[in-house]
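Working notes for the structure below.
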There are 2 protein chains.
Amino acid sequence: MTRRGFGQYCGLTRALEVVGERWALLILRDLMVQPRRYTDLLEGLPGIPTNLLATRLRELEESGVIERRIAPASHRGVVYALTPIGRALEPSIRTLGQWGTTLLGDPQPDEIVTPAVVVTAVRAAFDAQAARGLTATWEIHAGELTVHAETVGGKLESGVGPAGNTPDLVMTFRLDGLPSYPALIQAAKCGLVELDGDRKLLDTFLRVFGLTQAAQPGAKPGTPGPNE
Amino acid sequence: MTRRGFGQYCGLTRALEVVGERWALLILRDLMVQPRRYTDLLEGLPGIPTNLLATRLRELEESGVIERRIAPASHRGVVYALTPIGRALEPSIRTLGQWGTTLLGDPQPDEIVTPAVVVTAVRAAFDAQAARGLTATWEIHAGELTVHAETVGGKLESGVGPAGNTPDLVMTFRLDGLPSYPALIQAAKCGLVELDGDRKLLDTFLRVFGLTQAAQPGAKPGTPGPNE
DNA sequence: CCGAATCCGCAGTGATACTG
DNA sequence: CAGTATCACTGCGGATTCGG
């Protein structure tokens, strides 16, 4: 069943044999945010066939990258979570995401943004250097979307939903188009954001999460695909 | 030719739409070492169908990741090389390769090692911290294989073939099995290597290129713990 | 020799329906 | 909720062929 390998004894090759198949890294990106159930994953990966999700989950579990957990009492069902090996992929996902962000053009008409996408973008944009000696908590609202980010001691904690503690600054965006991360940053730079809390932390946010080197609209990467 | 996208406006997603298809990152890995011709690539990617290589090269060129060059005078023909966008993938390839290296088991019977594989491994293993203030040149020989590595000012220059200047230490391995990078490191640690030059640089080599930091999951800066 | 294009069988994928 | 089952389709693997 397994797709054939590449016939080379090489780290990159092995990595691609394990997580290089279609949808695999996107599944892992969503699991990087938090453990998720089968249907959560289906929802976060628009268009993935259910059988393919099941197949990938099985393969990734066999590879030791993720694990199945019987869900805790409150919700019954199964939960998928990263193993330490899977969590070790975080730098790879962040680095690849940073590269891809530089060639994000305008959104295609059928492209969407999920909470996991925004959290991943926040983590990829995080500049640990700029956050040294800083302790702060932000909350981002845009439509249905709520995401939090907290930095302390040069580290980042971020995830879907409201922050655990009281945020120092709540940023609420009212956008026409997609609440994509570049769009949020752009809006924040233009002041198109409602602020609640310590307003000085807006500039701080832009310094730490501001994509200083990314995403020029109009940089066309060729055609990633007019679907359908 | 409908390249199917993933329907998300996301950096990682876009990256995978551009370089996520089978063989693409391996082609780019080989081009990362040096510009190569069509047949060089065929040789370095055992088992790739010729039509698939041609298709990938066309797609990657359209995406602006690589470019076709009319070869210089000496050999006529075409040469493929990375654009700046393609070269920007180097951290991603190195990071993914480091992850994959941690799950390299024993070589499968049909797996081989190419020069580009070893050079990529050398670059992935390079510890810039350990190389600070160090200036040295090594040359590695193992069977047909010749690779050089030179560090100066905390940076690394490495490639296929002998070094440009006279190497400070030449290491010649006589291995039974595959000259894979882990096997070379293992052999070097056991002293199973012929040395020619400054023998003290063997220990230095192992400190700088010795894969000491393999598989340390969980201790990543900026990585939140598992939340629930 | 280099740089592909062409043809074909099949595995991996996509969409939908269905089940414990 | 958490998957299987079915089936059509397309991208891939393998071989051969073809034009500079």
Side-chain angles (χ1 to χ4, degrees), chain A residues 1-8 13 16-27 30-31 35-62 66-81 110 224-228, chain B residues 1-8 16-27 30-31 35-62 66-81 110:
Chain A
M1 284 326 165
T2 36
R3 189 103 87 128
R4 280 194 246 190
F6 291 97
Q8 295 183 338
T13 303
L16 293 176
E17 285 164 0
V18 174
V19 298
E21 301 192 45
R22 196 161 162 80
W23 296 104
L25 275 178
L26 297 182
I27 294 170
D30 280 15
L31 293 180
R36 316 226 71 186
R37 298 188 308 185
Y38 186 84
T39 41
D40 298 332
L41 290 168
L42 271 184
E43 192 182 352
L45 300 167
I48 189 174
T50 67
N51 58 350
L52 204 39
L53 176 56
T55 302
R56 289 288 172 273
L57 290 171
R58 200 181 315 118
E59 292 165 350
L60 292 172
E61 189 190 359
E62 283 170 10
I66 66 174
E67 63 183 6
R68 270 172 128 254
R69 290 183 193 158
I70 304 305
S74 54
H75 310 84
R76 62 216 160 127
V78 185
V79 164
Y80 292 92
D110 55 348
N227 307 354
E228 289 182 306
Chain B
M1 208 54 81
T2 59
R3 285 252 238 152
R4 287 193 206 229
F6 291 98
Q8 294 184 162
L16 293 175
E17 285 164 1
V18 174
V19 300
E21 302 196 41
R22 197 159 160 83
W23 295 103
L25 274 178
L26 297 182
I27 294 170
D30 279 16
L31 293 181
R36 315 225 77 188
R37 304 164 47 189
Y38 185 85
T39 39
D40 297 332
L41 290 168
L42 271 185
E43 192 183 352
L45 301 167
I48 190 175
T50 68
N51 57 350
L52 205 40
L53 176 57
T55 302
R56 289 288 171 274
L57 290 172
R58 199 183 317 116
E59 292 166 349
L60 292 171
E61 190 191 358
E62 283 170 11
I66 66 174
E67 64 182 6
R68 276 171 67 103
R69 288 184 194 159
I70 305 305
S74 55
H75 309 81
R76 44 192 185 158
V78 185
V79 164
Y80 293 92
D110 56 347

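Just so we're on the same page: letters track the sequence lines, and every chain starts at 1.
- Distance CZ (Arg4(B)) to C1' (dT13(C)): 8 Å, rounded to an integer number of Å.
- For Thr50(A), the listed nucleotide lying nearest its side chain is dT4(D); candidates were dG11(D), dT16(D), dT4(D).
- The CG atom of Asp110(B) sits 15 Å away from the C1' atom of dG13(D) (whole-angstrom rounding).
- The side chain of Arg68(B) contributes an N or O atom lying less than 4.0 Å from OP1 or OP2 of dA4(C).
- Scanning all heavy atoms of the two residues, the minimum distance from Gly44(B) to Gln8(A) falls at O-NE2, 2.6 Å.
- Between the CZ atom of Arg36(A) and the C1' atom of dG3(D) there is a distance of 18 Å, given to the nearest Å.
- The interatomic distance linking Leu57(B) (CG) with dG3(C) (P) rounds to 10 Å, in whole Å.
- With hydrogens and angles ignored, the 3.5 Å screen pairs no side-chain donor or acceptor of Arg22(B) with any backbone N or O of Glu21(A).
- Side-chain N/O atoms of Tyr38(B) include none lying less than 4.0 angstrom from OP1 or OP2 on dG20(D).
- For the pair Leu52(A) CG and dA5(D) C1', the interatomic distance rounds to 15 Å; values are reported in whole Å.
- In this model, the phosphate group of dA11(C) is not approached by any side-chain N or O of Arg22(B) to a distance below 4.0 Å at OP1 or OP2.
- Look at Trp23(B) and you'll find a side-chain N or O under 4.0 angstrom from OP1 or OP2 of dG13(D).
- Rounded to whole angstrom, the span from the CD atom of Glu21(B) across to the P atom of dT10(D) amounts to 15 Å.
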request  = Output, in order, the C-alpha distance, side-chain angles, deciding distance and verdict of salt bridge (charged side-chain N to carboxylate O under 4.0 Å, His left out) for Glu61(A) and Arg58(A).
outcome  = CA-CA 5 Å; Glu61(A) 189 190 359; Arg58(A) 200 181 315 118; over 6 Å; no
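- Remark: P of dA2(D) and CD1 of Ile27(A) are 15 Å apart, rounded to the nearest angstrom.
- Checking the phosphate oxygens (OP1, OP2) of dA4(C), a side-chain nitrogen or oxygen of Tyr80(B) falls inside 4.0 Å.
- Set against dA5(C), dT4(D), dT13(C), the side chain of Ala54(A) has dT4(D) as its closest nucleotide.
- One can place CD of Glu43(A) at 13 Å from C1' of dC1(D), the figure rounded to the nearest angstrom.
- With Tyr80(A) as reference, Arg68(A) is the one residue of Glu67(A), Arg36(A), Arg68(A), Arg69(A) to meet the side chain to side chain contact (heavy atoms under 4.5 Å, CB included) rule.
- Remark: Arg58(B) is in phosphate contact with dA5(C), judged by side-chain N or O atoms under 4.0 Å from OP1 or OP2.
- For the pair Asn51(A) and Phe6(A), nearest-nucleotide mapping onto DNA chain D gives the more 5' position to Asn51(A).
- As judged by a 4.0 angstrom heavy-atom cut-off over every strand, Thr39(B) is placed among residues touching the sugar-phosphate backbone only.
- Residues Leu53(B) and Trp23(B) are not in side-chain contact: their nearest non-hydrogen atoms beyond the backbone lie 4.5 Å or more apart.
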